[in-house]
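Have a look at the structure below, then the notes.
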Amino acid sequence: MPDTTKKTIIVFSGDYDRIMAALIIANGALAMGDDVTMFFTFWGLNALRKENKIKVHKKPLQRMFGMMMPRGINKLGMSKMNFCGMGPKMMDMVVKGEGGMLLPQLLDSAIEQGVKIVACTLSMDMLGFKKEELLDGIDYVGVAAYLAEADEANVNLFI
Amino acid sequence: MPDTTKKTIIVFSGDYDRIMAALIIANGALAMGDDVTMFFTFWGLNALRKENKIKVHKKPLQRMFGMMMPRGINKLGMSKMNFCGMGPKMMDMVVKGEGGMLLPQLLDSAIEQGVKIVACTLSMDMLGFKKEELLDGIDYVGVAAYLAEADEANVNLFI
Amino acid sequence: MPDTTKKTIIVFSGDYDRIMAALIIANGALAMGDDVTMFFTFWGLNALRKENKIKVHKKPLQRMFGMMMPRGINKLGMSKMNFCGMGPKMMDMVVKGEGGMLLPQLLDSAIEQGVKIVACTLSMDMLGFKKEELLDGIDYVGVAAYLAEADEANVNLFI
């Protein structure tokens, strides 16, 4: 039976702008008293990476993936008007000028206020991400756990 | 309690092809008697811009964003096979050849038939869009209003 | 009334990575006893094309579209790190190394296990795809049929 106080968001994208949209929706739902679970998968996992390099054993291809993909939420590019990486800086300036929250603040707020942050273990295996490389205090689940939560939610988005 | 006669669509993308998909679904749902609300946010707002330049006060970065982004639904690019802007023209020819509705016609139809067109005020603040620059007769809301509507809907898409 | 055992996924994207996500979710839901319908539309239709060239009558622009778009699930590019087509091969190697299922295996499994695979006829008309060019054993429907199914489902994703 759907529960009107639960929302799930699959965060597939690793783009600055799409992750910002996901976090704004998540924080908004939380403020309205909803339970919110965000499932980070594929490129979305980049937003959960720690900024500093963590020494872990990886297979060669996965090591290469790891080196080529942005390490953490401060390194994400935009899906449009990225301007070789200048786009996110400009967007940050605009957000600050409007008194809004920057991307890392939105993520911190989500975690502190109680949004459930979950990393998809299947994607982690594929891209070669280890738990040590991702933010502390997050959960790790597979697709079955996502589906079980989605069954209980009344809004399920794929971003 | 979900109401089987309501649908919401977040239109995040500003791509010709994704906006076409969103409008086709919205018009289809309306034809079946559903209430439909489309929330235009981020790049999706470009589809709601008036074609002619409107004089409004903007901060420098937002003025630049405004100049670089497409002004209105006739100027959108495609996410694939854009061919430097030729893609949408070719797609228009194909749609006409098949007797289908072009993108602006789909939007006009949606508005006339009663799809609720809503612009996200938070994204407008970020990208520097003023109400005068967007189509007349649309609504302006924040994320809380979206969530309230999504709670009443049984299909909620993010496009 | 929503039925907790039904899921629908609109597969709009033709990207290797997004289609993989869609198929993993679909196969997962099926394994949990759900009914699953995947609606392939726009670029997503490329995943349903037969690999060999099928002789059919097409209008010139549609013939060009058909030639420029990937023919079948083995030819899809990635939305990120495509590396001129090397990305999917590298991802295949990684998936194999992890003992996972490759993209065509995920699709075959979905079909064999009972995921309902549906091609959007409106998109087919636009892109000029004929039934002979798409995989055997799939269904063909319009947007009204999608909406009718989504009304019966409790999770509806747009990928």
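So you know, we letter chains A, B, ... as the sequences are listed, proteins then strands, and number each from 1.
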Please round to the nearest 0.5 Å and tell me the distance separating atom [atom1] of [X] and atom [atom2] of [Y].
| X | Y | atom1 | atom2 | result |
| --- | --- | --- | --- | --- |
| C/Met78 | A/Phe42 | CE | CZ | 8.5 Å |
| A/Cys120 | C/Ile25 | SG | CD1 | 9.0 Å |
| A/Phe12 | C/Arg18 | CZ | CZ | 5.0 Å |

Subject >> C/Asn154 versus A/Asp151, side-chain donor and acceptor atoms under 3.5 Å >> reply: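 A pair is found: one side chain offers a donor N or O, the other an acceptor, under 3.5 Å apart.
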Within the supplied structure, the quantity of interest is the number of heavy atoms (other residues, nucleotides, ligands) at a distance under 6.0 Å from [X] [atom1]; does it exceed 12?
| X | atom1 | value |
| --- | --- | --- |
| C/Lys96 | NZ | no |
| A/Lys50 | NZ | yes |
| C/Met64 | CE | yes |
| C/Lys131 | NZ | no |

Over all heavy atoms of both residues, which pair between [X] and [Y] is shortest? Give the atoms and the distance, please.
| X | Y | value |
| --- | --- | --- |
| C/Val155 | A/Asn156 | CG2-ND2, 3.6 Å |
| C/Met20 | A/Met126 | SD-CE, 3.6 Å |
| A/Leu147 | C/Ala29 | CD1-N, 3.3 Å |
| A/Ala148 | C/Met32 | N-CE, 4.2 Å |
| C/Asp17 | A/Trp43 | OD2-NE1, 2.6 Å |
| A/Asp15 | C/Lys80 | OD1-NZ, 2.6 Å |

Original post:
Checking A/Leu157 against chain C: side chain, backbone, both or neither under 4.5 Å from a heavy atom?
Top reply: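 For A/Leu157, the backbone is the part near chain C, not the side chain.
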**OP:** Below 4.5 Å from any heavy atom of chain C, which atoms of A/Phe158 appear? Answer side chain, backbone, both or neither.
**Re:**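 For A/Phe158, backbone and side chain are both near chain C.
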Original post:
So which part of C/Asn27 gets closer than 4.5 Å to some heavy atom of chain A, the side chain, the backbone, both or neither?
Top reply: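 Contact with chain A involves no heavy atom of C/Asn27 at all.
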**OP:** Could you give me the CA-CA distance, side-chain angles and deciding distance for C/Phe83 and A/Met68, then say whether side-chain contact (heavy atoms from CB on, under 4.5 Å) is met?
**Re:** CA-CA 11 Å; C/Phe83 304 134; A/Met68 301 196 68; 3.5 Å; yes
Original post:
Would a 4.5 Å heavy-atom cut-off, applied to side chains only, mark A/Gln62 and C/Glu98 as touching?
Top reply: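 Side-chain contact under 4.5 Å: yes.
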